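Here the structure is a predicted model, which means the values were calculated and not measured.
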Amino acid sequence: MNKKKWLATPYIIWMAAFIIIPLILVVYYGVTTDSGSFTLENVKNIANHDNMKALLLSLKLSLISTVICLVLAYPLAMILSKMQMNSHSFIVLIFILPMWMNFLLRTLAWQTLLEKNGVINTLLGYLGISGIDIINTPSAIILGMVYNFLPFMVLPIYNTLIKLDLNVINAARDLGANSTQTFTKIIFPLSLPGVVSGITMVFVPALTTFVISDILGGGKILLIGNIIEQDFRSSRWNVGSGLSLVLMVFILLSMAILAKYDKDSEGTNIW
């Protein structure tokens with residue numbers, strides 16, 4: 001048993017070096033001044049009009065993106081889970097394939113597609129259709145979030161659905177439940193762990209992103225991630241860390257609520 005515990009040593013070292021120590025530094029800088037004295041002014045900077053506006057916009061766009069990802073991902077995951085092994089394995093591979101490409105390159109590709117003289121508007125012009133003008137708007141940012149984070153919603157739900165006991169579903173149908181009742185009373189409650197995992201995996205990076213808003217928003221739309229990035233780039237580590245602490249609280253609260261809901265509902269909502 002002790003030998004097995006030693007196998008975890010590399011991970012513990014990695015976690016300490018790249019997770020625990022950076023978090024300690026963020027907390028330290030967030031509650032101190034440049035001279036090292038204790039202060040809460042860095043955290044209170046969130047009440048600044050521009051910072052609060054960026055935070056609320058980040059929450060709004062991340063919530064919208066998460067809902068869209070859930071609406072798109074759940075039916076797709078159900079379709080994949082019902083397909084033959086060879087077919088759905090190939091489609092899942094296609095779905096994962098873009099994730100092997102650099103995140104920045106994927107976002108830049110959408111910039112090329114959406115800009116006023118981009119690929120999409122050029123094709124629409126050839127067809128005699130007026131072009132779309134969503135680049136540098138919140139809609140473009142939402143599109144970028146959905147595209148980049150959709151696989152993180154599909155895969156947890158898919159992994160949960162393929163593990164469902166078909167005997168339970170068949171029993172429900174034998175007892176007279178129609179398709180809607182089977183879904184609402186059996187399939188969806190049993191798949192909630194995957195749904196909760198997917199929501200967490202999409203909402204958290206969507207709330208903290210700054211690359212997507214920089215590229216697809218043209219730097220004209222500031223999210224809280226952009227504000228924090230600018231603070232660190234300007235060597236205002238204390239202010240940036242203070243805002244990061246506020247963002248961390250929102251992330252922890254959302255994860256705690258989702259985890260509690262998942263724990264309370266898992267396996268208890270059937271019938």
*Under the side-chain contact (heavy atoms from CB on, under 4.5 Å) rule, collect the residues that match up with S37, sequence neighbours excluded.*
T33, S35
_If we ignore hydrogens and angles and just use 3.5 Å, is the side chain of N42 paired with the main-chain N or O of T32 as donor and acceptor?_
yes
*For T112, what residues pass the side-chain contact (heavy atoms from CB on, under 4.5 Å) criterion, not counting sequence neighbours?*
V119
*Using the test side-chain hydrogen bond (donor to acceptor under 3.5 Å, both in side chains), find all partners of N167 that sit at least two apart in sequence or belong to another chain.*
D165
*State which residues pass side-chain hydrogen bond (donor to acceptor under 3.5 Å, both in side chains) with S191; sequence neighbours excluded, sorted by chain then number.*
Y74
*Mind jotting down which residue pairs meet the side chain to side chain donor-acceptor pair (under 3.5 Å) criterion with at least one end in residues 48-70? Sequence neighbours excluded, please.*
none
*Pairs meeting criterion salt bridge (charged side-chain N to carboxylate O under 4.0 Å, His left out) with involvement of residues 203-230, two or more places apart*: E229-R233
*Qualifying residues under side-chain contact (heavy atoms from CB on, under 4.5 Å), relative to V204, sequence neighbours excluded*: T200, I251, M255
*Identify, with sequence neighbours excluded, every residue that meets side-chain hydrogen bond (donor to acceptor under 3.5 Å, both in side chains) alongside T39.*
none
*Tell me, please, which residues at least two apart from I68 pass side-chain contact (heavy atoms from CB on, under 4.5 Å).*
I64, L72, I142, V146
*Remaining members of W14's ILVMFWY cluster at a side-chain heavy-atom cut-off under 4.5 Å?*
F18
_Qualifying salt bridge (charged side-chain N to carboxylate O under 4.0 Å, His left out) pairs, either residue in residues 124-137, two or more places apart_ = none
*Determine which pairs satisfy ring pair (Phe, Tyr, Trp, His ring centres under 6.0 Å) with at least one residue from residues 102-144, sequence neighbours left out, and list them in order.*
W110-Y147
